Amino acid sequence: MSVIGTELKVNINVEPIDGIHLSQCDFTCTFFINPNKSIILNKDNLIQLDDDNYLALLNSEDLGIGTVKMTIRILVPDDNFKDGTRTEIETVCTDINITR
């Protein structure tokens, strides 16, 4: 549990997709409690820890009160698609609960 105004550190870990590491993909993470108030971070806004782990720094005040969720949108290189990439999207609950 975190109180509003706390800086949060969230580890984003994605196992290789078809042998492709997260570091080899473009991706965006959207953190939210409700859809009308969110924080969107691109790969360039995150701290790379290794090929499959990135660290996001968030201020809980920017999200509000409640349980934080994250949607990650990954553009995976794939020669089977016309533009050479396929999109993988997943939404997860972070189990971070922000209170007053």
Side-chain angles (χ1 to χ4, degrees):
M1 188 174 335
S2 296
V3 294
I4 199 155
T6 302
E7 183 176 278
L8 304 172
K9 295 179 183 179
V10 180
N11 183 54
I12 298 150
N13 172 269
V14 176
E15 295 296 317
I17 302 168
D18 298 333
I20 299 171
H21 294 280
L22 191 58
S23 63
Q24 298 170 288
C25 303
D26 287 326
F27 65 94
T28 303
C29 297
T30 303
F31 295 90
F32 62 96
I33 289 173
N34 59 54
N36 63 352
K37 192 172 186 182
S38 61
I39 299 172
I40 300 170
L41 298 174
N42 296 319
K43 178 181 180 177
D44 294 340
N45 303 119
L46 303 169
I47 299 166
Q48 183 176 357
L49 302 174
D50 60 35
D51 282 343
D52 300 311
N53 288 283
Y54 284 76
L55 186 65
L57 303 176
L58 312 169
N59 184 335
S60 64
E61 193 167 339
D62 297 332
L63 293 170
I65 305 285
T67 301
V68 180
K69 297 169 197 69
M70 180 195 75
T71 298
I72 187 166
R73 182 177 184 268
I74 307 170
L75 301 176
V76 181
D78 191 328
D79 293 334
N80 295 318
F81 286 77
K82 191 174 188 176
D83 66 354
T85 60
R86 77 172 187 269
T87 304
E88 299 279 339
I89 300 172
E90 186 168 346
T91 300
V92 296
C93 182
T94 66
D95 292 330
I96 298 169
N97 194 16
I98 300 172
T99 62
R100 287 203 184 269

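Please read these numbers as outputs of a predicted model, since none were measured by experiment.
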task = Not counting sequence neighbours, which residues clear side-chain hydrogen bond (donor to acceptor under 3.5 Å, both in side chains) with Asn42? List them please.
result = Thr28

query = How far apart are the closest heavy atoms of Cys25 and Ile20, and which atoms are they?
reply = SG-CG2, 3.7 Å

query = Shared ILVMFWY cluster between Val92 and Leu63, side chains joined below 4.5 angstrom?
reply = yes

key: Results of salt bridge (Lys or Arg N to Asp or Glu O under 4.0 Å) for Asp78 - residues two or more places apart only   = Arg86

Asp83: side-chain contact (heavy atoms from CB on, under 4.5 Å) partners, not counting sequence neighbours = Phe81, Thr85

Pairs touching residues 49-76 that satisfy salt bridge (charged side-chain N to carboxylate O under 4.0 Å, His left out), sequence neighbours left out = none

inquiry  = So Glu88 and Val14, do their side chains get closer than 4.5 Å, heavy atoms only?
reply    = no

key: Any residue meeting side-chain hydrogen bond (donor to acceptor under 3.5 Å, both in side chains) with Asp44, in chain and number order, not counting sequence neighbours   = none

task = Please examine the side chains of Ile72 and Cys29, heavy atoms only from C-beta on, and report whether any two atoms are closer than 4.5 Å.
result = yes

key: Residue pairs, two or more places apart or on separate chains, that pass ring-ring contact (aromatic ring centres under 6.0 Å, His included) and touch residues 50-76   = Phe27-Tyr54

ask   = What residues, two or more places apart in sequence or in another chain, satisfy side-chain contact (heavy atoms from CB on, under 4.5 Å) together with Leu41?
value = Phe31, Ile39, Asn45, Leu46, Ala56, Leu58

task = Identify, with sequence neighbours excluded, every residue that meets side-chain hydrogen bond (donor to acceptor under 3.5 Å, both in side chains) alongside Asn11.
result = Asn53

query = Where do Thr94 and Val68 come nearest, in terms of heavy atoms and distance?
reply = OG1-O, 2.7 Å

message = List the residues meeting side-chain hydrogen bond (donor to acceptor under 3.5 Å, both in side chains) with Thr71, not counting sequence neighbours, and say none if there are none.
response = Thr91

ask   = Is there a chain of hydrophobic side chains (I, L, V, M, F, W, Y, each step under 4.5 Å between heavy atoms) that links Val76 to Leu22?
value = yes

inquiry  = Are there over 12 heavy-atom neighbours, none belonging to Asn13, within less than 6.0 Å of that residue's CG?
reply    = yes

ask   = Are the side chain of Lys43 and the backbone N or O of Ser23 linked by a donor-acceptor pair below 3.5 Å?
value = yes

ask   = Taking the hydrophobic residues Ile, Leu, Val, Met, Phe, Trp and Tyr, and joining any pair whose side-chain heavy atoms are under 4.5 Å apart, which ones share a cluster with Leu55?
value = Ile47, Leu49, Leu57

key: Residues in ring-ring contact (aromatic ring centres under 6.0 Å, His included) contact with Phe32, at least two apart in sequence or another chain   = none

ask   = Is there a donor-acceptor contact under 3.5 Å from the side chain of Ser38 to the main chain of Thr30?
value = no

Taking every non-hydrogen atom, the tightest pair across Ile33 and Thr67 = CG1-O, 3.6 Å

ask   = Roughly how far, to the nearest 0.5 Å, is the OG1 atom of Thr99 from the CD1 atom of Ile65?
value = 6.5 Å

